[in-house]
Number of protein chains: 2
Amino acid sequence: MLQLSKKVEYGLIALRHMALKQRGQVFTAKEIALEYDLPYDLLAKILQKLTRANIVVSTQGVRGGYALAQRPEEIQVSHVIRTIEDEKPMIAECYAEGTDTCSIFDACTIRKPLGKVQRNLESLLQNMTIQEII
Amino acid sequence: MLQLSKKVEYGLIALRHMALKQRGQVFTAKEIALEYDLPYDLLAKILQKLTRANIVVSTQGVRGGYALAQRPEEIQVSHVIRTIEDEKPMIAECYAEGTDTCSIFDACTIRKPLGKVQRNLESLLQNMTIQEII
DNA sequence: GGAAATCCGACCTATTGAGTCCTGTTTAAG
DNA sequence: CTTAAACAGGACTCAATAGGTCGGATTTCC
Ligand code: SF4
Ligand code: SF4
């Protein structure tokens, strides 16, 4: 349906929250979840994914939490989506996965034209960073 | 997940098929379904929706079928999506539906910035017509 | 040692997408 | 004037995904 998932939205909200304060400060998943009334467990997993992708850094232990690993203007929205969704934001299934995932791949006539939309969307999301959603 | 639905893809394939031949010719749902190996019943319903939106015209009866109601360059992809999905191609839920559909609407901080992506995407899809996917 | 945090996989459940079925109605052809 | 080929459309099933939850492990500060 061409809509961002809640996970991505939650991730963006969290990233924006961190971008508001100065660099180096750590935020716990709990405080972010409370502030925006997000489901804690879900947000935690999202932040873990962002950690693995080196978008944020985590410090464990009792005074731990998350902090941005890059400057806000360096974090592309497209990278965030890709990380949280485990794949690129793709307009058509056959672009996201293999050529053999779509049963009508051979007969399909709109594949190439959709590639054009794909590229446009991609540059749209690449040129947008966390800096711009503050 | 930011992906077009099969319905939309099938609709675009059908529209492109009709756009290939000259205007006025009618095509049955059956022949299109066979040609591209699409599920007949599903395609039929898609074409019915496109009919109600005056994107195609249908003629009933034994020699009936569907034909484009507009010239290919007049049919916007965004209109096709909107018709088949019953709504606009919206990046965020709160844009597509009311302000009260998202539980964190008030706390949400990324709503406005996403509006920017929204507008970009919209113009992208409006400027693309069936003519361009031939 | 214990509290507060991240980590991570397994699990559950509601919603949506994809597809099917069935019964109409329309209309050209024979 | 009957029949077959088409559209019209609601109801339904099935499968996949999204969204959310749980339980337990590990890390680290006090
Ligand atoms: S082959 Fe065509 S129908 Fe299949 S996923 Fe790609 S664009 Fe869509
Ligand atoms: S209010 Fe925010 S989180 Fe909710 S749908 Fe809109 S953009 Fe997404």
Side-chain angles (χ1 to χ4, degrees), chain A residues 1-11 13-14 18 25-34 37-53 55-67 69 81 84-87 89-90 92-93 96-97 101-104, chain B residues 1-11 13-14 18 25-34 36-53 55-67 69 81 84-87 90 92-93 96-97 101-104:
Chain A
M1 217 247 291
L2 209 55
Q3 203 169 277
L4 293 180
S5 67
K6 287 282 180 206
K7 290 184 199 175
V8 169
E9 295 197 342
Y10 296 166
I13 288 172
M18 299 195 229
Q25 183 173 352
V26 300
F27 307 84
T28 68
K30 190 179 175 187
E31 77 182 269
I32 298 177
L34 278 176
D37 197 27
L38 309 177
Y40 166 77
D41 294 291
L42 190 50
L43 179 62
K45 285 212 304 196
I46 292 165
L47 287 168
Q48 286 162 26
K49 274 196 174 182
L50 294 174
T51 302
R52 271 171 261 157
I55 292 171
V56 300
V57 289
S58 70
T59 57
Q60 293 199 341
V62 68
R63 298 289 294 167
Y66 298 93
I81 298 176
I84 296 176
E85 302 280 18
D86 294 319
E87 63 192 313
M90 288 296 193
E93 174 192 333
E97 291 151 52
T101 55
C102 181
S103 59
I104 63 165
Chain B
M1 216 250 290
L2 209 56
Q3 204 168 276
L4 292 179
S5 67
K6 287 283 181 207
K7 289 186 199 173
V8 169
E9 295 197 342
Y10 296 166
I13 288 172
M18 298 194 229
Q25 182 171 351
V26 300
F27 307 84
T28 69
K30 190 179 174 185
E31 79 183 88
I32 297 177
L34 278 177
Y36 301 101
D37 198 26
L38 309 178
Y40 167 76
D41 294 289
L42 189 51
L43 178 62
K45 285 213 302 196
I46 293 166
L47 287 167
Q48 285 163 25
K49 274 197 172 181
L50 293 175
T51 301
R52 272 172 260 157
I55 293 171
V56 302
V57 289
S58 70
T59 57
Q60 292 200 341
V62 68
R63 297 290 292 168
Y66 298 92
I81 298 177
I84 295 176
E85 302 280 17
D86 294 319
E87 62 194 315
M90 287 295 192
E93 175 192 333
E97 291 150 51
T101 55
C102 180
S103 58
I104 62 165

_For the backbone of Val57(B) and the side chain of Thr51(B), can you confirm whether one donor and one acceptor N or O come within less than 3.5 Å of each other?_
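Here the side-chain-to-backbone pair does not exist.
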*Examine distances only and state if a side-chain atom of Ser58(A) and a backbone atom of Gly65(A) form a donor-acceptor pair shorter than 3.5 Å.*
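Looks like no, no N/O pair under 3.5 Å.
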_Worked verdict on Tyr10(A) versus Ile84(A) for side chain to side chain contact (heavy atoms under 4.5 Å, CB included)_ = CA-CA 10 Å; Tyr10(A) 296 166; Ile84(A) 296 176; over 6 Å; no
*asked:* At under 4.0 Å between heavy atoms, how does the protein contact nucleotides 25-30 of chain D? Give one character per nucleotide, 5' to 3', with B, S or -.
replied: --BBB-
Using whole Å, what does the distance between atom [atom2] of nucleotide [N] and atom [atom1] of [X] come to?
{"X": "Glu87(B)", "N": "dG17(C)", "atom1": "CD", "atom2": "P", "value": "8 Å"}
{"X": "Ile104(A)", "N": "dG19(C)", "atom1": "CD1", "atom2": "P", "value": "9 Å"}
{"X": "Leu50(A)", "N": "dC7(C)", "atom1": "CG", "atom2": "P", "value": "11 Å"}
{"X": "Glu93(A)", "N": "dT16(C)", "atom1": "CD", "atom2": "P", "value": "20 Å"}
{"X": "Leu2(B)", "N": "dT17(D)", "atom1": "CG", "atom2": "P", "value": "16 Å"}
{"X": "Lys7(A)", "N": "dG20(D)", "atom1": "NZ", "atom2": "C1'", "value": "9 Å"}
{"X": "Tyr66(B)", "N": "dG9(D)", "atom1": "OH", "atom2": "C1'", "value": "10 Å"}
{"X": "Ile46(B)", "N": "dG9(D)", "atom1": "CD1", "atom2": "P", "value": "15 Å"}

From [X] atom [atom1] to [Y] atom [atom2], the distance as rounded to the nearest 0.5 Å:
{"X": "Leu43(A)", "Y": "Lys7(A)", "atom1": "CG", "atom2": "NZ", "value": "12.5 Å"}
{"X": "Glu87(B)", "Y": "Leu2(A)", "atom1": "CD", "atom2": "CG", "value": "10.0 Å"}
{"X": "Leu38(A)", "Y": "Ile46(A)", "atom1": "CG", "atom2": "CD1", "value": "8.0 Å"}

*asked:* Heavy atoms only, 4.0 Å cut-off, all strands: where does Tyr40(A) land among base, sugar-phosphate and nothing?
replied: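 The residue Tyr40(A) makes base contact.
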*Check every strand shown and say whether Ala44(B) touches a base, only sugar-phosphate, or nothing at a heavy-atom separation below 4.0 Å.*
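If one applies the 4.0 Å heavy-atom cut-off, Ala44(B) turns out to touch nothing in the nucleic acid.
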_base_contact_polar (dT6(C) base, Lys45(A) side chain, donor-acceptor, <3.5 Å)_ =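 Between dT6(C) and Lys45(A), which were checked side chain against base, a qualifying N/O pair under 3.5 Å is absent.
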To the side chain of [X], which of [options] is closest?
{"X": "Pro39(B)", "options": "dG19(D), dG19(C), dC8(C)", "answer": "dG19(C)"}
{"X": "Lys6(A)", "options": "dT21(D), dT20(C), dG19(D)", "answer": "dG19(D)"}
{"X": "Tyr10(A)", "options": "dG9(D), dG20(D), dT6(C)", "answer": "dG20(D)"}
{"X": "Thr51(A)", "options": "dG19(D), dC7(C), dA18(C)", "answer": "dC7(C)"}

*When the nearest nucleotide of DNA chain D is assigned to Asp41(B) and to Asp41(A) on a heavy-atom basis, which residue is associated with the more 5' position?*
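Nearest nucleotide further toward 5': that of Asp41(B).
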*Hey, does the side chain of Arg52(A) come within less than 4.0 Å of dC7(C)'s phosphate (OP1/OP2), counting only N and O?*
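No, no such contact exists.
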*Using a cut-off of less than 4.0 Å, is there contact between a side-chain N or O of Thr28(B) and OP1 or OP2 of dC7(D)?*
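No, outside the criterion.
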*asked:* Does any part of the side chain of Ile32(B), heavy atoms only, come nearer than 4.5 Å to the side chain of Phe27(B), both counted from C-beta?
replied: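 Yes, at least one pair of side-chain atoms sits under 4.5 Å.
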*Pro39(B) side chain reached by Lys45(B) side chain, heavy atoms, under 4.5 Å*: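 No, too far: nothing below the 4.5 Å cut-off.
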